Amino acid sequence: MFKRNAAITSVQLFFMVLFLMLSLSLKASEDCVNDVVGVDVCEKARALSDEISLHLPMRMNRNMTMGSVVSFGSQVRIGVVLAYDRQALESLYREKGLKVSQAKEALDRAAFEVCREGRATRAFIDLGGTIKYGYSFIDGDFFSEVEVSSC
């Protein structure tokens, strides 16, 4: 069905980090303190990023691996590598009579798992933080991006 390669190569890691760094779009002078509760959301983003990084690479399911995480301001950016290339995805969806846009919609819905009750990620977002997922194919080609800024 899909070409799979469980290991993330150094080239893929380089492109994930490059993607994360280039796509950070927060203002450098961002106000980090949540005025309502007096919490430094940027510090919470760094702490969440540090905690996630301890578990990387993390296999999310048989088709996705979380490979990188970085915080910038109140945003946590997570790089996810899909276990196949664009051609394999398009071929599979074409065979099933589906559109590739439906795969992106599924990733959008799945990203909101961070909002499940009782998760540290939900608490972080409720404080004003943002989690942004960047999805790329196994060959490093960009696929999609999803931002979760409210639950």
Side-chain angles (χ1 to χ4, degrees), residues 1-28 30 34 41-42 44-151:
M1 175 159 39
F2 288 126
K3 291 192 299 185
R4 285 200 187 91
N5 184 351
I8 296 176
T9 67
S10 59
V11 172
Q12 291 165 336
L13 185 57
F14 169 78
F15 281 114
M16 284 190 318
V17 171
L18 181 63
F19 165 78
L20 290 172
M21 297 308 291
L22 291 176
S23 61
L24 293 174
S25 59
L26 295 178
K27 299 177 292 189
E30 178 179 16
N34 178 316
V41 181
C42 297
K44 296 293 184 188
R46 284 188 293 276
L48 181 58
S49 176
D50 289 347
E51 177 61 29
I52 293 170
S53 71
L54 295 174
H55 307 284
L56 298 181
M58 181 190 317
R59 191 166 187 164
M60 300 168 71
N61 61 41
R62 68 179 235 212
N63 291 320
M64 292 190 290
T65 300
M66 187 183 301
S68 62
V69 63
V70 65
S71 66
F72 185 80
S74 63
Q75 186 177 83
V76 173
R77 298 264 320 158
I78 299 172
V80 179
V81 177
L82 303 174
Y84 40 83
D85 60 20
R86 183 179 303 277
Q87 185 178 1
L89 175 72
E90 290 172 351
S91 175
L92 177 68
Y93 272 68
R94 189 172 34 254
E95 287 172 15
K96 292 186 176 198
L98 302 171
K99 297 178 182 178
V100 172
S101 62
Q102 291 173 286
K104 291 181 179 185
E105 292 166 4
L107 291 175
D108 287 353
R109 286 188 304 274
F112 280 85
E113 278 295 303
V114 298
C115 289
R116 285 195 15 222
E117 202 62 48
R119 289 198 170 191
T121 49
R122 181 184 179 122
F124 168 70
I125 292 168
D126 287 345
L127 286 172
T130 301
I131 297 178
K132 191 176 250 186
Y133 292 92
Y135 296 93
S136 61
F137 292 104
I138 191 99
D139 59 5
D141 191 20
F142 174 78
F143 179 59
S144 184
E145 187 173 77
V146 181
E147 182 173 304
V148 181
S149 58
S150 65
C151 289

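Hydrogens, waters and symmetry mates play no part in the numbers below; they use all other heavy atoms, side chains included. All values reported here derive from a predicted model rather than from experimental measurement. Here, residue 1 is the first one in the sequence, and each next residue gets the next number.
With sequence neighbours left out, Glu113 forms a salt bridge (Lys or Arg N to Asp or Glu O under 4.0 Å) with Arg116. Residues satisfying the side-chain contact (heavy atoms from CB on, under 4.5 Å) test with Arg94, not counting sequence neighbours, are Glu90, Ser91. With sequence neighbours excluded, the residues forming a side-chain hydrogen bond (donor to acceptor under 3.5 Å, both in side chains) with Arg86 are Asp141, listed by chain and number. Under the side-chain hydrogen bond (donor to acceptor under 3.5 Å, both in side chains) criterion, Asp50 pairs with no residue, sequence neighbours left out. Partners of Phe124 by ring pair (Phe, Tyr, Trp, His ring centres under 6.0 Å), not counting sequence neighbours: none found. For Arg122, the salt bridge (Lys or Arg N to Asp or Glu O under 4.0 Å) criterion is met by Glu117, Asp126, not counting sequence neighbours. Under the rule for a side-chain contact (heavy atoms from CB on, under 4.5 Å), the partners of Thr121 that lie at least two apart in sequence or sit in another chain are Leu48, Val114, Arg119, Ile131. In this structure, the side-chain contact (heavy atoms from CB on, under 4.5 Å) partners of Leu98, at least two apart in sequence or on a different chain, are Tyr93, Lys96, Gln102.
Residues in residues 114-150 take part in these disulfide (SG to SG under 2.5 Å) pairs, two or more places apart or across chains: Cys115-Cys151.
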Requested in this report: Given side chain to side chain contact (heavy atoms under 4.5 Å, CB included), test Leu89 with Leu82 step by step and report yes or no.
Outcome: CA-CA 10 Å; Leu89 175 72; Leu82 303 174; 5.6 Å; no

Requested in this report: List the steps, then state whether side chain to side chain contact (heavy atoms under 4.5 Å, CB included) holds for Glu147 with Thr130.
Outcome: CA-CA 7 Å; Glu147 182 173 304; Thr130 301; 3.3 Å; yes

Requested in this report: Apply side chain to side chain contact (heavy atoms under 4.5 Å, CB included) to Phe143 and Asp85, showing your working.
Outcome: CA-CA 9 Å; Phe143 179 59; Asp85 60 20; over 6 Å; no

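Put simply, the side chain of Met64 reaches to within 4.5 Å of the side chain of Leu107, judged on heavy atoms. No side-chain heavy atom of Val148 sits less than 4.5 Å from a side-chain heavy atom of Lys132. Looking only at side-chain heavy atoms (C-beta outward), Val69 and Leu56 come within less than 4.5 Å of each other. In this structure the side chain of Phe137 never reaches within 4.5 angstrom of the side chain of Val81, judged on heavy atoms.
When every heavy atom of Ser74 is checked against every heavy atom of Cys42, the shortest pair comes out as N-SG, 3.6 Å.
Here the straight-line distance linking atom CD1 of Ile78 with atom OH of Tyr133 works out to 4.0 Å at 0.5 Å rounding. Residue Leu127 holds its CG atom at 7.5 Å from NZ of Lys44, rounded to the nearest 0.5 Å. The distance from atom CZ of Arg59 to atom CE of Met66, rounded to the nearest 0.5 Å, is 13.5 Å. Put simply, OG on Ser49 and CD on Glu51 are 10.5 Å apart, with the number rounded to the nearest 0.5 Å. Separation of atoms OG (Ser144) and CD (Glu105) is listed at 10.0 Å; rounding is to 0.5 Å.
Taking a cutoff of 4.0 Å between a charged side-chain nitrogen and a carboxylate oxygen, Arg77 and Glu145 qualify as a salt bridge.
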